[in-house]
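Scroll down for the structure; my scribbles are underneath it.
Below, read A as the first sequence line, B as the second, and so on, with proteins coming before strands; counting in each chain starts at 1. What you see is a predicted model; the values in this text were computed from it and never measured.
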There are 2 protein chains.
Amino acid sequence: MKKKVVNAMEVARLAGVSQSTVSRVFSPSTAVSEKTRHRVWKAAEELGYRPNALARGLIMNKTKIIGLIIRDIQNLCYPEILDKFIKGLRAKGYHVLLAHTENNEVNQDEVYQFLEYNVDGIIVIDTLLSLNTLAHLSKYNIPIILFNQYTEASSCSYHFVGCDNYAAGKDIGEYLLKQGHHQYACITGHRNGFMSHECEKGFRQVFQQRGIKTAIEAGDGTYEGGYKAAMRLLKGGSPPDAIFCASDLMALGAADAARSLNLSIPEHVSIVGFNDSVMASLHPYSLTTWRQPFDELIAITIKTLLDDIDGRIKSPVSILLCGVLIKRDSVRASHNTDGALNSE
Amino acid sequence: MKKKVVNAMEVARLAGVSQSTVSRVFSPSTAVSEKTRHRVWKAAEELGYRPNALARGLIMNKTKIIGLIIRDIQNLCYPEILDKFIKGLRAKGYHVLLAHTENNEVNQDEVYQFLEYNVDGIIVIDTLLSLNTLAHLSKYNIPIILFNQYTEASSCSYHFVGCDNYAAGKDIGEYLLKQGHHQYACITGHRNGFMSHECEKGFRQVFQQRGIKTAIEAGDGTYEGGYKAAMRLLKGGSPPDAIFCASDLMALGAADAARSLNLSIPEHVSIVGFNDSVMASLHPYSLTTWRQPFDELIAITIKTLLDDIDGRIKSPVSILLCGVLIKRDSVRASHNTDGALNSE
DNA sequence: TTGAAAGCGTTACCAT
DNA sequence: ATGGTAACGCTTTCAA
């Protein structure tokens with residue numbers, strides 16, 4: 001059985017002071033004489049005392065716990081993002097209670113769990129909160145921030161920080177256009193989230209503006225999905241020589257599909273991915289892709305959340321940061337408008 | 001400011017019962033009449049009441065929180081493992097307080113944090129606890145389980161569950177031997193952990209037994225490290241035609257190094273990885289690798305931990321499970337002993 | 001079956 | 001600067 005840890009009362013007895021004084025010693029910026037402070041420290045050290053965060057949280061109504069909900073993503077930048085959040089929050093004295101969901105909307109239950117533990121704030125990564133959940137949450141005035149997923153249907157009281165995927169899609173489209181291609185296509189992810197739509201929308205916008213047709217194929221976010229979608233495109237009527245994939249993994253699948261048809265990259269087909277994951281830089285792929293500015297995004301997310309927790313923010317904050325194109329070798333060099341593929 | 005959530009007293013007032021009764025309704029298996037139970041439920045529903053886990057944890061000395069410490073690993077099976085732990089623990093009603101470390105030994109501070117929140121148990125993934133930390137922890141009788149990392153210097157009171165890497169290394173060595181190669185090499189990871197050593201030891205053992213020499217090169221766990229280590233090997237005096245890499249990522253690097261020397265895989269060089277990560281199955285690599293039985297390992301870890309928490313275990317448990325070789329196309333087919341590469 | 005009251009380990013207020 | 005005491009929201013014992 002788990003043993004009880006030593007409490008402030010025992011430290012007080014050993015140090016020959018009151019329990020209140022022990023508490024004060026462990027509360028930052030409270031007046032205690034240097035002498036007693038040392039006595040208490042020594043006693044605490046000797047007994048291995050550390051204040052009980054649960055009791056503290058109970059009385060202070062602040063737990064220093066942040067509830068983090070992340071979507072079940074095998075493909076994405078999960079480790080990177082998670083690590084950075086944990087580190088960043090930790091540096092500010094906060095701890096992370098972690099939950100994850102596989103749905104497009106957070107399980108209401110997860111949020112209730114967080115509420116039971118009286119978390120100081122909630123970060124939702126790559127997924128959404130249902131209106132029900134939001135309504136319930138709004139009663140408690142607990143800061144919520146959505147990271148990299150957004151919904152328009154919100155009169156809501158949460159913050160949003162994410163990548164400007166519309167701009168990203170546009171940039172990618174314009175880059176492919178500038179490099180000169182004949183037929184443009186886009187392989188979309190499986191998520192019905194706002195963010196991926198934005199990305200696709202930006203991409204299409206570039207061509208729509210100029211009256212150029214683009215083919216859209218649905219991948220499902222996986223390698224296989226990308227492979228198959230690319231196959232459909234490349235074996236179709238007007239095979240593209242420029243494909244933008246909404247995720248790196250799909251892009252790798254698309255690249256391998258092209259190669260299996262004896263098309264070289266980037267000579268016959270240019271491919272652009274999204275996310276700049278580890279795999280993108282692998283030698284046989286050397287994928288041109290889009291890097292989201294996670295460092296800044298996460299720093300802003302944490303700052304915003306803590307500012308809200310500490311009452312320094314009144315109204316919802318909404319921040320979009322643009323990423324940057326990482327140019328590798330999967331897009332053909334400029335001005336090479338000829339020599340493109342017109343038949344299978 | 002965060003608002004106070006509704007408490008049991010308010011529910012009691014609305015339902016016209018005592019606060020104790022409300023508590024009983026939310027404590028499983030406590031005798032309450034059907035009629036009052038319904039009244040309380042209705043009142044609770046109406047007010048949106050959920051018991052405060054902190055207060056409950058304080059009085060019960062059980063928080064239903066598990067502290068999880070994971071090493072900062074970009075390459076490994078981080079997402080998979082983490083997801084499975086969270087899901088598995090969640091299914092048993094436990095929550096995860098997450099910390100991570102980049103060191104070979106867990107930061108003592110992390111453990112103290114867990115203690116402050118009075119976690120019911122601690123899972124340490126892929127790293128170790130210092131003797132100091134262990135000494136401190138042992139005072140509290142709090143269940144600890146080490147996952148996939150182990151130290152021999154332990155008189156200790158923690159459990160251990162992991163992959164039998166020695167057996168894995170042996171299996172891999174024997175497989176490469178069976179397929180017939182001339183010169184065997186091993187690229188090791190950067191960690192000075194027990195587990196990777198075991199793996200390497202098993203591999204070497206196979207050849208030592210038979211008086212066959214093996215070359216050992218240190219990678220650092222990264223793609224680049226694998227690439228460079230393979231380069232050193234392949235450009236060296238007696239270049240290997242069979243290379244075992246202690247991680248998939250290094251194996252990919254090694255594969256690309258071989259290709260850059262115009263060596264094909266597996267005709268000129270066989271390569272075996274470790275972990276069966278997503279990248280291993282990528283088309284251009286189709287890497288033969290080792291899959292650790294994470295599902296079972298994690299299930300056992302959780303079961304052991306919860307058994308200990310509930311007092312069903314008296315002495316430390318130590319469990320090793322063997323993985324399985326995933327045969328793809330990076331190792332040459334059997335009995336093809338000739339045609340191996342003897343010079344650069 | 002239910003209610004009153006003690007206690008979990010803190011912090012915060014009011015004295016001194 | 002320090003000590004006494006109420007309060008945080010819950011579970012649990014003891015009475016009724």
Side-chain angles (χ1 to χ4, degrees), chain A residues 1-41 43-44 47-65 112 115-120 140, chain B residues 1-41 43-44 47-65 112 115-120 140:
Chain A
M1 270 296 133
K2 193 161 66 171
K3 279 186 197 130
K4 288 238 167 67
V5 309
V6 45
N7 61 19
M9 198 56 217
E10 304 176 42
V11 176
R13 260 195 289 269
L14 181 62
V17 297
S18 79
Q19 186 265 327
S20 326
T21 301
V22 175
S23 169
R24 275 189 276 260
V25 169
F26 284 89
S27 299
S29 72
T30 319
V32 179
S33 82
E34 210 47 38
K35 218 177 79 187
T36 41
R37 182 184 300 272
H38 269 296
R39 261 222 313 279
V40 170
W41 266 345
L47 298 175
Y49 169 78
R50 310 214 87 202
N52 181 318
L54 266 53
R56 178 180 274 173
L58 190 58
I59 187 80
M60 292 182 67
N61 198 29
K62 288 202 173 180
T63 53
K64 291 280 180 181
I65 299 179
Y112 286 165
L115 252 31
E116 291 183 16
Y117 284 94
N118 197 16
V119 299
D120 291 340
Y140 299 115
Chain B
M1 270 295 131
K2 193 161 67 172
K3 280 189 195 124
K4 288 238 166 69
V5 308
V6 45
N7 62 20
M9 197 57 215
E10 304 176 42
V11 176
R13 260 195 288 270
L14 181 62
V17 297
S18 78
Q19 184 266 324
S20 331
T21 301
V22 174
S23 168
R24 275 189 274 259
V25 168
F26 284 89
S27 299
S29 72
T30 319
V32 179
S33 82
E34 211 47 38
K35 217 176 78 185
T36 40
R37 182 184 301 272
H38 269 296
R39 262 222 312 279
V40 170
W41 266 345
L47 298 174
Y49 169 77
R50 311 214 86 201
N52 180 317
L54 266 54
R56 178 180 272 173
L58 190 58
I59 186 83
M60 292 181 67
N61 198 28
K62 288 202 172 178
T63 52
K64 291 280 182 182
I65 298 178
Y112 287 165
L115 251 32
E116 290 183 17
Y117 284 95
N118 198 14
V119 298
D120 291 341
Y140 299 115

Working for side chain to side chain contact (heavy atoms under 4.5 Å, CB included), residues A:Tyr140 and B:Val6 | CA-CA 10 Å; A:Tyr140 299 115; B:Val6 45; 4.2 Å; yes
Step by step, work out the side chain to side chain contact (heavy atoms under 4.5 Å, CB included) result for A:Trp41 and A:Val25.
-> CA-CA 8 Å; A:Trp41 266 345; A:Val25 169; 3.8 Å; yes
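In this structure, B:Ser18 reaches the C:dG3 phosphate: one of its side-chain N or O atoms is under 4.0 Å from OP1 or OP2.
Remark: A:Lys35 pairs with A:Ser33, A:Arg39 by the side-chain contact (heavy atoms from CB on, under 4.5 Å) rule, at least two apart or across chains. Residues satisfying the salt bridge (charged side-chain N to carboxylate O under 4.0 Å, His left out) test with A:Lys2, not counting sequence neighbours, are B:Asp120.
Here the C1' atom of nucleotide C:dG9 and the NZ atom of B:Lys62 are 19 Å apart, to the nearest Å. The CZ-P distance, from A:Arg37 to D:dT2, rounds to 9 Å in whole Å. Rounded to whole angstrom, the span from the CG atom of A:Leu47 across to the P atom of C:dG9 amounts to 14 Å.
Judged purely by atom type and a 3.5 angstrom limit, A:Tyr49 has no side-chain atom pairing as donor or acceptor with the backbone of A:Val40.
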Between side-chain atoms of residues 55-62 of chain B and protein atoms elsewhere (two or more places apart, or another chain), which donor-acceptor pairs fall under 3.5 Å?
| residue | atom | partner | partner atom | Å |
| --- | --- | --- | --- | --- |
| B:Arg56 | NH2 | B:Phe26 | O | 3.3 |
| B:Asn61 | OD1 | B:Asn118 | ND2 | 2.9 |

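Taking five base pairs at each end of the helix from C:dT1-D:dA16 to C:dT16-D:dA1 and finding the rotation axis that steps the C1' atoms of four pairs onto the next four gives two axes whose angle is 40°, to the nearest 10°.
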Look for any protein N or O under 3.5 Å of an N or O in nucleotides 8-11 of chain D and output each such pair with its distance, or none.
| residue | atom | partner | partner atom | Å |
| --- | --- | --- | --- | --- |
| D:dG9 | OP2 | B:Asn7 | ND2 | 3.3 |
| D:dC10 | OP1 | B:Tyr49 | OH | 2.7 |
| D:dC10 | OP1 | B:Asn52 | N | 3.0 |
| D:dC10 | OP2 | B:Ala8 | N | 2.5 |
| D:dT11 | OP1 | B:Arg56 | NE | 2.7 |
| D:dT11 | OP1 | B:Arg56 | NH2 | 2.9 |
| D:dT11 | OP2 | B:Ser23 | OG | 2.4 |

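To the nearest 0.5 Å, atom CG of residue B:Asn52 and atom CZ of residue B:Arg50 are 12.0 Å apart.
The stretch residues 5-20 of chain A participates, sequence neighbours left out, in these side chain to side chain donor-acceptor pair (under 3.5 Å) pairs: A:Ser18-A:Thr21.
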